[in-house]
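A note on names: the letters A, B, ... follow the listed sequences, proteins ahead of strands, and every chain is numbered from 1.
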Number of protein chains: 2
Amino acid sequence: MTDVPTHSRKRDGSLPNALVDAGIELLRERGSGGLSLRECAAKANVSHSAPGYHFKNLKGLATAIATRGFSHFVDAMEKRCQSADPDPRAQLEAICQGYLDFASGQPELFLFIFSGQQFDKDNAPFEVVASKAYAILREACEPFVPKDSSPEEIEFLIWSLVHGFAHLSMTRKKDNPKLGQTWPDFDAVFSHLFKSITVQE
Amino acid sequence: MTDVPTHSRKRDGSLPNALVDAGIELLRERGSGGLSLRECAAKANVSHSAPGYHFKNLKGLATAIATRGFSHFVDAMEKRCQSADPDPRAQLEAICQGYLDFASGQPELFLFIFSGQQFDKDNAPFEVVASKAYAILREACEPFVPKDSSPEEIEFLIWSLVHGFAHLSMTRKKDNPKLGQTWPDFDAVFSHLFKSITVQE
DNA sequence: CCACGCAACTTGACGCTGTCAAGATATGAC
DNA sequence: GTCATATCTTGACAGCGTCAAGTTGCGTGG
């Protein structure tokens, strides 16, 4: 009857990370709505209100999860960039590929960080990694910005397209899994766009 | 002490609609996560489990709300189309404008229907109106489809761009309301894209 | 006009949830 | 070895979705 020994977990500061792991697993199993402090606690073998000690709120845990999500997101883009040609167009394509790598590799996490739900704005690590994601995109777009227009135009053209493609792919494939077959290829769609932008000397 | 008279509501079949109204109001007030059967019931002045009679589930109510959302979405696109030039390019722009009208006019409802959460797939009215939205887009893209490529390529180019722009605008403006000033104009962004697609013959 | 039947609710209960207060325990400093 | 404090546990509370069972009122048949 010794279900779980009391205080089975060593107090080494690993609990917050373990709770985030549990949360991501929960997201995978049940989607964005299935996140629960008590279940994360159970998965991490701690009592139901242990999470409350490390995270003020459910929102606090959600922000920690989103921070990890953005971190993986940044990693995915950087990984593609490093193994790509330094040519501006190749770099931009690598960014887009990384974007889609993350979305298709961890669809629930992708949908979660872009779900529109509010995270803790005063959480510094979250702000840092989230703005780094945008900085990467901005840097890759920079060579394509015409001299007479604001960088935002190109940035949002690219960002909207890749984000829209990823977001629609994930939401619609979730709705209807057999849809995958007729889904157009990323490259085919983007080739049209790439015709309309050129490196600005 | 007659707080609310028992059975104050006439049984005229208007409760389902009233509950959807209440749900949309709740979405506006608290965002996608704030939807609750019991609060919808309270807003509609019925007992806590009256919604359960008309909607099997919370998911059932969510699907009814999403159905209304898609209906408004379709209306917004059609309204712009009707008051636009019949020229293919003007029609396509009208679709995009309608898309953004809906997203900015009812941001919470827009985020809700595209939140990636599962709705009842066996709900006929939902399926009808949701697929109608896609049909409208598809029709507007048709004149731009090159003879040698599949329609999906152009459709997803347009759809991804307008959806991504709308979705990013809504999520980021929610995060950071003062961001609105530096947000690029839709037309400026899309003008780049429109250079890359032309009416086919 | 009345009784009956069924649709549209209400009431109550259950286990789940987040959150807080208060108690227990382990770990590092002295 | 004892003590302080960070880290967790226990217990309680209200609110949630969902189901079962009871109640109400409207329409229909006589």
Give me, pair by pair, the N or O atoms of the protein and of nucleotides 17-22 of chain C that are less than 3.5 Å apart, along with how far apart they are.
residue : atom : partner : partner atom : Å
C/dG18  : OP1  : A/Leu37 : N            : 2.6
C/dG18  : OP2  : A/Leu37 : N            : 3.3
C/dG18  : OP2  : A/Arg38 : N            : 3.0
C/dG18  : N7   : A/Arg38 : NH1          : 2.5
C/dG18  : O6   : A/Arg38 : NH1          : 2.8
C/dT19  : OP1  : A/Asn57 : OD1          : 3.3
C/dT19  : OP2  : A/Leu58 : N            : 2.9
C/dT19  : O4   : A/Arg38 : NH1          : 3.3

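A salt bridge links B/Arg138 to B/Glu152: at least one charged side-chain nitrogen sits closer than 4.0 Å to a carboxylate oxygen. Between A/Lys132 and A/Glu127, no side-chain nitrogen of the basic residue sits less than 4.0 Å from a carboxylate oxygen of the acidic one, so the salt-bridge criterion is not met. Ion pair B/Asp21/B/Arg68 flagged as a salt bridge, since at least one NZ, NE, NH1 or NH2 atom sits closer than 4.0 Å to an Asp/Glu carboxylate oxygen. Here A/Lys43 pairs with A/Glu25 in a salt bridge; the nearest charged N to carboxylate O distance falls below 4.0 Å. Ionic pairing of A/Arg30 and A/Glu39 is present here: one or more N-O contacts between side-chain nitrogen and carboxylate oxygen are shorter than 4.0 angstrom.
The listed nucleotides are D/dT9, C/dT10, C/dC9; the one nearest the side chain of B/His54 is C/dC9.
Taking only side-chain nitrogens and oxygens, B/Tyr53 comes nearer than 4.0 Å to OP1 or OP2 of C/dA8.
Atoms CZ (B/Arg11) and C1' (D/dG25) sit 5 Å apart, rounded to a whole Å. Taking atom CG of A/Asp12 as the reference point, atom C1' of D/dA6 lies 13 Å away to the nearest angstrom. Residue B/Leu15 contributes atom CG, which lies 9 Å from atom C1' of C/dC9 at whole-angstrom precision.
Between A/Tyr99 and A/Phe114, the ring planes lie parallel to each other; the angle is under 30°, not in the 30° to 60° tilted range.
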